[in-house]
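Note sheet for the following structure.
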Amino acid sequence: MMNYLRPTFLLLVSALFLVACQSDQSSQPSMVTEPASSATETQVAFDNFSQEFIEAMLAHSPEWAIYQGRYENAGTMTLPTPAQRASNLDFLTTWLEALQVFDPADLTDAQQSDYALLENTLNARLWYQQDFRSWQWNPASYNPARTIAVLLNTDFAPVEDRLRLVMSRLESVPAYYEAARQNIDRPTTEHLDLAIVQSNGAFSVLNDALIERARASELSATEKAEFEQYHTAATAAIKGWIDYLATLSEQWAGRDDVRSFRIGEALYEKKFAYDIQSQFTARALYERALNEKEQLLIEMDEITIDLWPKYFSDTSIPQDRFERIGMLIDHLSDQHVALEDFVPEIRRQIPLLAEFVRENDLLFQDPEKPLVVRETPLYMRGTGAIASVSSPGPFNPGAETYYNITPLEHYGPEAAASYLREYNHWILQILNIHEAIPGHYTQLLHSNLSPSLVKSLFGNGAMIEGWAVYSERMMLEEGWGDHEPELWLMHGKWLLRVVHNAILDYEVQVLGRGRDEIIAMLQNEAFQETSEATQKWRRATLSQVQLTSYYTGYAEIYALREQMKANLGDEFNLRDWHNEFLSYGSAPVPVIARLMNR
Ligand code: ZN
């Protein structure tokens with residue numbers, strides 16, 4: 001999982017998309033596209049256009065810029081007012097028209113894919129604002145503490161300069177929430193509750209420690225006094241916002257005309273097309289996932305039958321396949337680390353994974369950029385993800401990349417015990433492959449080496465998640481874990497979960513299936529622990545489409561590799577294939593497929 005619930009009302013993408021890493025540029029392409037000497041006038045013009053558009057976006061949305069690692073306008077907070085939406089509409093339509101002056105047929109292949117990404121980005125943002133309108137019904141999209149936390153935690157300038165930017169944003173917080181209140185119209189109760197949790201999380205950023213930090217800095221006495229004054233007003237505004245949300249939550253609870261969190265088929269297909277950029281429709285992907293589920297169950301059942309005598313010499317094997325697979329998984333899940341060893345064990349495994357990738361020559365790794373394992377900051381908790389990778393954007397190559405782990409104690413003793421079984425001896429390895437090496441961390445590192453800033457900045461979530469899921473299976477195929485059948489069985493369970501993410505998202509958001517049915521399916525047919533199944537239901541009520549990205553990307557990447565392997569025969573080299581695949585940045589898989597098959 002990359003931990004992101006996309007705030008959709010503004011020009012925001014998740015802060016968690018991109019990693020910055022350029023320390024070994026000698027063997028890699030440079031960041032900025034140099035037009036080849038044979039480039040036509042149009043091709044040169046298109047590169048200029050891309051650069052201008054990116055600069056305009058950075059100026060237009062200081063928040064988006066902060067997440068990407070550019071801070072020129074970081075002191076200016078965008079207020080979610082009607083005037084701002086009008087300006088946004090104007091910005092998007094103007095740039096879309098300017099883009100469409102180019103004929104893609106006149107561009108290079110790489111530029112054509114940039115064109116496709118830019119067009120999708122602009123159209124998607126228009127659609128989010130005009131049609132999806134979550135700025136009206138999702139109060140969790142308002143959280144000014146997120147950008148403030150980035151400014152405080154990213155070491156891009158002397159602390160006093162960063163505190164001045166924070167101070168300037170704090171000054172706008174009361175007006176920000178005033179505008180947000182005007183926007184809220186029939187919120188869903190699920191998003192109201194999420195907003196209350198996350199807004200309370202803002203106090204892990206705005207608190208006495210921040211005041212102390214300002215006092216201890218070299219700000220002038222006047223600045224320090226102002227800082228405290230704005231901080232006090234901002235804190236009061238957050239409290240007022242939380243009270244307002246609590247009142248709304250009470251008003252709407254149990255009413256017949258409350259807005260459903262289910263977006264329905266029409267919006268879902270559109271959102272799927274914009275967010276995933278797949279070769280499939282949402283419906284087709286759903287049907288594909290149902291087939292994959294059956295295939296996986298057949299394979300897992302074969303392993304179960306083989307392993308049965310090893311673990312259950314005295315118990316006869318059940319007739320029902322779900323029962324026997326479930327019993328073996330349940331038995332194996334007893335093998336897990338102690339609660340207090342959860343984070344330390346993750347720290348221990350990261351260098352072992354890097355070494356395996358190096359020894360087996362699986363892809364390029366940058367030895368200069370270690371991954372920093374840390375406990376998930378409080379303001380980022382609350383969406384249900386245990387692990388995530390977060391990092392600054394491609395403009396800020398010096399900053400740290402974090403592997404965030406939520407300590408299981410956070411969930412209470414009962415849920416923690418359940419999570420330990422879920423993230424047992426085998427699954428914990430797969431989690432680390434997925435999140436870190438060679439999953440998200442490695443992919444995002446390559447993404448920032450990509451010559452296309454467009455692909456680095458407007459990355460495709462399905463490609464990013466799909467790569468992480470692909471990397472799990474690839475590592476096992478290459479011998480991580482010595483082809484141990486138990487690891488393959490657990491991988492089957494993990495992949496089944498990914499497949500179910502796609503299935504349940506469609507069933508919840510489009511087909512209207514209910515909580516009990518979904519949780520029963522996850523427990524009985526995907527062998528998930530109660531805590532995991534319950535959290536997944538919660539997530540499926542709070543986000544839409546994002547849960548399908550893992551499976552869509554995985555299915556497309558794996559199919560592409562197998563197809564090219566068959567075409568190239570003996571000339572196929574896995575390391576080269578991985579490096580080339582990753583060199584296109586976080587572009588949609590169908591776009592990469594077209595470029596690789598040139
Ligand atoms: Zn992921």
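Side chains included, hydrogens not; waters and symmetry mates left out as well; all remaining heavy atoms used.
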Q) Would you call Leu152 and Arg213 a side-chain contact if the rule is heavy atoms closer than 4.5 Å? A) yes

Q) For the residue pair Val205 and Ile148, what are the closest heavy atoms and their distance? A) CG1-CG2, 3.8 Å

Q) Can Arg169 and Glu63 be said to form a side chain to side chain contact (heavy atoms under 4.5 Å, CB included), step by step? A) CA-CA 11 Å; Arg169 295 187 81 79; Glu63 289 73 25; 2.6 Å; yes

Q: Kindly indicate whether a cation-pi arrangement holds for Lys271 with Phe132, taking the cut-offs as under 6.0 Å to the six-membered ring centre and within 45° of the axis.
A: yes

Q. Considering only heavy atoms from C-beta outward, does the side chain of Pro187 approach that of Leu248 to under 4.5 Å?
A. yes

Q: Using modelled atom types only, decide if a donor and an acceptor are shared between the side chain of Glu422 and the backbone of Tyr419 within a distance under 3.5 Å.
A: no

Q) Under 3.5 Å, is there a donor-acceptor pair between the Asn460 and Ser586 side chains? A) no

Q. Rounded to the nearest 0.5 Å, what separation is found between the CD atom of Glu345 and the CG atom of Leu428?
A. 6.0 Å

Q: Decide yes or no for Trp537 and Leu504: does some side-chain heavy atom of the first lie under 4.5 Å from some side-chain heavy atom of the second?
A: no

Q: For residues Tyr230 and Val166, determine if any side-chain heavy atom of one lies less than 4.5 Å from a side-chain heavy atom of the other.
A: no

Q) Where is the tightest heavy-atom contact between Val508 and Ala540, given as atom of each residue plus distance? A) CG1-O, 4.0 Å

Q: For residues Leu444 and Thr401, determine if any side-chain heavy atom of one lies less than 4.5 Å from a side-chain heavy atom of the other.
A: no

Q | Aromatic Phe203 / basic Lys239 pairing, under 6.0 angstrom, 45° off normal | A | yes

Q. Do Trp494 and Tyr551 make the cut of ring centroids closer than 6.0 angstrom?
A. no

Q: Check the side chains of Trp135 and Gln129 for a donor-acceptor pair under 3.5 angstrom, ignoring hydrogens and angles.
A: no

Q | Asp275 and Tyr128: side chain donor to acceptor below 3.5 Å | A | yes

Q: Please determine, by modelled atom types, if Gln277 and Asn120 share a side-chain donor-acceptor pair under 3.5 angstrom.
A: yes

Q.
Looking at Asn153 and Ala149, would you say the former's side chain and the latter's main chain have a donor-acceptor pair under 3.5 Å?
A. yes

Q: For Asn424 and Ile427, indicate whether the former's side chain and the latter's backbone hold a donor-acceptor pair under 3.5 Å.
A: yes

Q. Is the gap between the ring centers of Tyr244 and Trp241 under 6.0 Å?
A. yes

Q) Is it the case that Thr548 and Asn501 place a side-chain donor and acceptor less than 3.5 Å from each other? A) no

Q) Looking just at side-chain N and O atoms, do Tyr403 and Asn432 make a donor-acceptor pair shorter than 3.5 Å? A) yes

Q: Working to the nearest 0.5 Å, report the span between CG of Leu122 and CZ of Phe458.
A: 7.5 Å

**Q.** Heavy-atom neighbours of Asp208 CG exceed 12 at 6.0 Å
**A.** no

Q.
According to side chain to side chain donor-acceptor pair (under 3.5 Å), who are the partners of Glu228, at least two apart in sequence or on a separate chain?
A. Arg215

Q: Apply side chain to side chain contact (heavy atoms under 4.5 Å, CB included) to Lys536 and Arg497, showing your working.
A: CA-CA 10 Å; Lys536 189 56 63 64; Arg497 177 176 124 146; 4.1 Å; yes

Q.
Nearest 0.5 Å, please: how far is OG in Ser168 from CD in Glu226?
A. 10.5 Å

Q. Any donor and acceptor pair, going by atom type alone, linking the side chain of Thr541 with main-chain N or O of Arg538 inside 3.5 Å?
A. yes

Q.
Does Lys270, at its NZ atom, have more than 12 non-hydrogen atoms belonging to other residues, nucleotides or ligands within less than 6.0 Å?
A. no

Q | side chain to side chain donor-acceptor pair (under 3.5 Å): pairs with one or both residues in residues 512-526, sequence neighbours excluded | A | Lys293-Glu525, Glu507-Arg513, Arg513-Glu517, Gln523-Thr530

Q) Between Ser447 and Ser456, is there a donor-acceptor pair closer than 3.5 Å when you use the side chain of the first and the backbone of the second? A) no

Q.
Assess, by modelled atom type and distance only, whether the side chains of His434 and Glu465 contain a donor and an acceptor separated by less than 3.5 Å.
A. yes

Q) Would you call Arg539 and Glu190 a salt bridge, using N to O less than 4.0 angstrom? A) no

Q) Around Glu409, counting heavy atoms of other residues, nucleotides and ligands shown, do more than 12 lie under 6.0 Å from its CD? A) yes

**Q.** Atom of Ser87, atom of His60 and distance for their closest heavy-atom approach
**A.** OG-CE1, 3.4 Å

Q. How far apart are the C-alpha atoms of Tyr506 and Leu511, what are their side-chain angles, what is the distance that settles it, and do they pass the side chain to side chain contact (heavy atoms under 4.5 Å, CB included) test?
A. CA-CA 7 Å; Tyr506 193 84; Leu511 304 182; 4.0 Å; yes

(Q) Set out, in order, the CA-CA distance, both residues' side-chain angles and the distance that settles side chain to side chain contact (heavy atoms under 4.5 Å, CB included) for Gln68 and Met57, then state yes or no. (A) CA-CA 11 Å; Gln68 309 308 333; Met57 269 284 282; over 6 Å; no

Q | Main-chain N/O of Val373 paired with Arg347 side-chain donor or acceptor, under 3.5 Å | A | yes

Q: For the pair Ser249 (side chain) and Ala246 (backbone), establish whether a donor and an acceptor sit closer than 3.5 Å, ignoring hydrogens and angles.
A: no

(Q) Given 3.5 Å as the limit, does a donor-acceptor pair link the side chain of His440 with the main chain of Ala436, or not? (A) no

Q.
Using side-chain heavy atoms (C-beta onward) and a distance below 4.5 Å, is Tyr402 in contact with Glu400?
A. yes

Q. Are Tyr142 and Tyr177 an aromatic pair by the rule of ring centers under 6.0 Å?
A. no

Q: Decide yes or no for Trp64 and Leu457: does some side-chain heavy atom of the first lie under 4.5 Å from some side-chain heavy atom of the second?
A: yes

**Q.** Within-4.5 Å side-chain heavy-atom neighbours: Tyr176 and Ile238
**A.** no

Q) If every non-hydrogen atom of Pro62 is compared with every non-hydrogen atom of Thr78, which pair is closest and at what distance? A) CD-OG1, 3.4 Å

Q.
Quick check on Asp256: does its CG atom have over 12 non-hydrogen neighbours (other residues, nucleotides or ligands) under 6.0 Å away?
A. no

Q. Stepwise, does the side-chain hydrogen bond (donor to acceptor under 3.5 Å, both in side chains) test hold for Arg146 with Gln198?
A. CA-CA 10 Å; Arg146 289 193 186 113; Gln198 293 193 338; 2.9 Å; yes

Q.
For Ile329, is there any backbone N or O sitting under 3.5 Å from a side-chain donor or acceptor partner on Ser333?
A. yes

Q. Are the charged groups of Arg421 and Glu532 less than 4.0 angstrom apart, N to O?
A. no

Q: List the atom of Asn207, the atom of His231, and the distance in Å for their closest heavy-atom pair.
A: N-NE2, 3.2 Å

Q) Is the shortest side-chain N to carboxylate O distance from Asp155 to Arg162 below 4.0 Å? A) yes

Q: Name the orientation class of the two ring planes belonging to His191 and Trp137 (parallel below 30°, tilted from 30 to 60°, perpendicular beyond 60°).
A: perpendicular

Q. Quick check: does any side chain N or O of Ser260 sit under 3.5 Å from a backbone N or O of Arg262, one acting as donor and the other as acceptor?
A. yes

Q: Indicate the atoms forming the closest heavy-atom contact of Leu165 with Tyr71, along with that distance.
A: CD1-O, 4.5 Å

Q.
What I want to check is whether the side chains of Arg133 and Asn138 have a donor and an acceptor closer together than 3.5 Å.
A. no

**Q.** Pair Asp505-Tyr268, side-chain hydrogen bond (donor to acceptor under 3.5 Å, both in side chains): steps then yes or no
**A.** CA-CA 10 Å; Asp505 197 60; Tyr268 192 91; 2.6 Å; yes

